[in-house]
Amino acid sequence: MSAELSALTLACLLQIVQFILLAIPANLEAGPKRTLSPRDENILQYVSPPTRRLHRALINHVESLVLFGSAVVLVHLTGSASTITAWAAWTYLAARVLYVPAYAFGWVPWRSVIWSVGFVSIAVLLVVPLWTVGITLP
Amino acid sequence: MTSLYSILAWYGLFMIATVLAQVFAARAQVGDMTLMGTREDMPKLTGLAGRLDRAQANNTVAMALFAPAVLMLANAPPASALLTAQVFLAARIGYVVAYAAGISVLRTLIWLVGFAATGWLYWQSI
C-alpha cells in the first residue's frame, strides 16, 4: 500500500480511536441511559468540559477526513503520488494525532497551529494532482 | 487527467476556500483568542460567519456523497457524467455564494440541483 493510502487508513483508524476516547467518559458522565436515548435534548450538557473538548476534536477530525480521503484517493487514482504527497499525507496524520491532546489539554494557540498544518497538507494533496497531471479547468 | 478527477480536485479546493472564508469571518466576529481557545463557551456565530459555517458543514456532507460517486465512475465515465459533475460544482459554488449573501429560497433550489446531480451520478454507477 502506498504512503498516502497507509496514512488514510491510519487516519480512519484514528477516527475510531477518537470515538472510543470520547464514548468512554461520555457514557461514564452522562450515563448510558442518556447516550442510548434518542438524544432529543443536547446530552453534551451532562458531560465534563474535557469530554466536550474530545467531542469537538472528533467532529473536527471527521470533517477533515472527508476532504483528506477524497484528496488521497484522487492522488492515488491519478497516479500523481510523489515524495511531496507522501510527506503531506504523513504530516496530515501527525497533525491530526497531535490535535487530540492539543484540544484535550487545551494547548492554546498550538491546537490552531496544528490544525493549520493539517489543513495545508490537504491543500497540497489537492493541488498536486492538478499540477502534475495537468491543470484542467472544471 | 480524467476531467471527473479534476472536478473533484477543484471542489476540494473550493471547500478549502470556503473554510478559509469562514475562518476569517469568524475571526472578525469573535476574535482570534476565542477561536484558538478551548471553545468551551464559544458564542454561537451569527451573520456572515454563521452562514458560512452552515455552508461549510453542508459542503462536507455534499463532498461525502459526491466523492465516492466520482471515484466509482472515473475509470469508465458514462457520457453524461462530466456534465453532471460540472453542474454539481457550479451548484456548490452558487450555493455557498447564495448562503453568504443571505439569499433564501433560491439557495435551497440551487442545493437541490447539486443534490440531484449527485443522485444522478449514483444512478449511473449502478
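Below, read A as the first sequence line, B as the second, and so on, with proteins coming before strands; counting in each chain starts at 1.
- Surrounding OH of B:Tyr122 are more than 12 heavy atoms belonging to other residues, nucleotides or ligands, all under 6.0 Å away.
- For the atom pair A:Thr78 OG1 and B:Leu4 CG, the distance stands at 13.0 Å (nearest 0.5 Å).
- Interface residue A:Ala123: backbone and side-chain heavy atoms are both found under 4.5 Å from chain B.
- For A:Trp107, the CH2 atom counts as densely surrounded, since its 6.0 Å shell holds more than 12 non-hydrogen atoms of other residues, nucleotides or ligands.
- Within a 6.0 Å radius of CZ in B:Phe14, other residues, nucleotides and ligands contribute more than 12 heavy atoms.
- A pairwise comparison of heavy atoms in B:Leu35 and A:Arg111 identifies O-NH2, 2.7 Å as the closest pair.
- For B:Leu13, the parts lying near chain A are the backbone and the side chain together; criterion is any non-hydrogen pair under 4.5 Å.
- By the 6.0 Å contact criterion, NE2 on A:His55 is open, its count of non-hydrogen atoms from other residues, nucleotides or ligands being 12 or less.
- The distance from atom CG of A:Asn60 to atom CZ of B:Arg39, rounded to the nearest 0.5 Å, is 7.5 Å.
- Few gaps surround CG on B:Leu45; more than 12 heavy atoms of other groups in view lie less than 6.0 Å from it.
- Only the side chain of A:Trp115 comes within contact range of chain B, with at least one heavy atom under 4.5 Å from a heavy atom of that chain.
- Each of B:Asp32, B:Leu71, B:Val70, B:Val61 has some count of heavy-atom pairs under 4.5 Å with chain A, and the biggest count is that of B:Leu71.
- Connection of B:Val105 to B:Val96 is not established within any shared hydrophobic cluster, with ILVMFWY side chains joined at heavy-atom distances below 4.5 Å, either directly or through further cluster members.
- Placement of A:Leu5 and A:Val75 within a single hydrophobic cluster is found when ILVMFWY residues are connected by side-chain heavy-atom separations under 4.5 Å, directly or transitively.
- Smallest separation of non-hydrogen atoms from B:Thr38 and A:Val108: N-CG2, 4.2 Å.
- Of the listed residues A:Tyr103, A:Trp110, A:Phe119, the one with more heavy-atom pairs under 4.5 angstrom with chain B than any other is A:Phe119.
- A 6.0 Å sphere centred on CE of A:Met1 holds more than 12 heavy atoms belonging to other residues, nucleotides or ligands.
- Contact annotation: the side chain of B:Glu40 approaches that of A:Arg56 to within less than 4.5 Å [non-hydrogen atoms, C-beta and beyond].
- Of all the listed residues (A:Val66, A:Val113, A:Leu65), the one sharing the greatest number of non-hydrogen pairs under 4.5 Å with chain B is A:Val66.
- A:Leu67 is listed as a side-chain neighbour of B:Ile16, based on a closest heavy-atom distance under 4.5 Å.
- Residues A:Leu44 and A:Ile24 do not share a hydrophobic cluster, clusters being chains of Ile/Leu/Val/Met/Phe/Trp/Tyr side chains in contact below 4.5 Å.
- Considering every non-hydrogen atom in both A:Leu130 and B:Ala9, the closest pair reads CG-CB, 3.8 Å.
- Note that the CG atom of B:Asn59 and the CD atom of A:Glu63 stand 9.5 Å from one another [nearest 0.5 Å].
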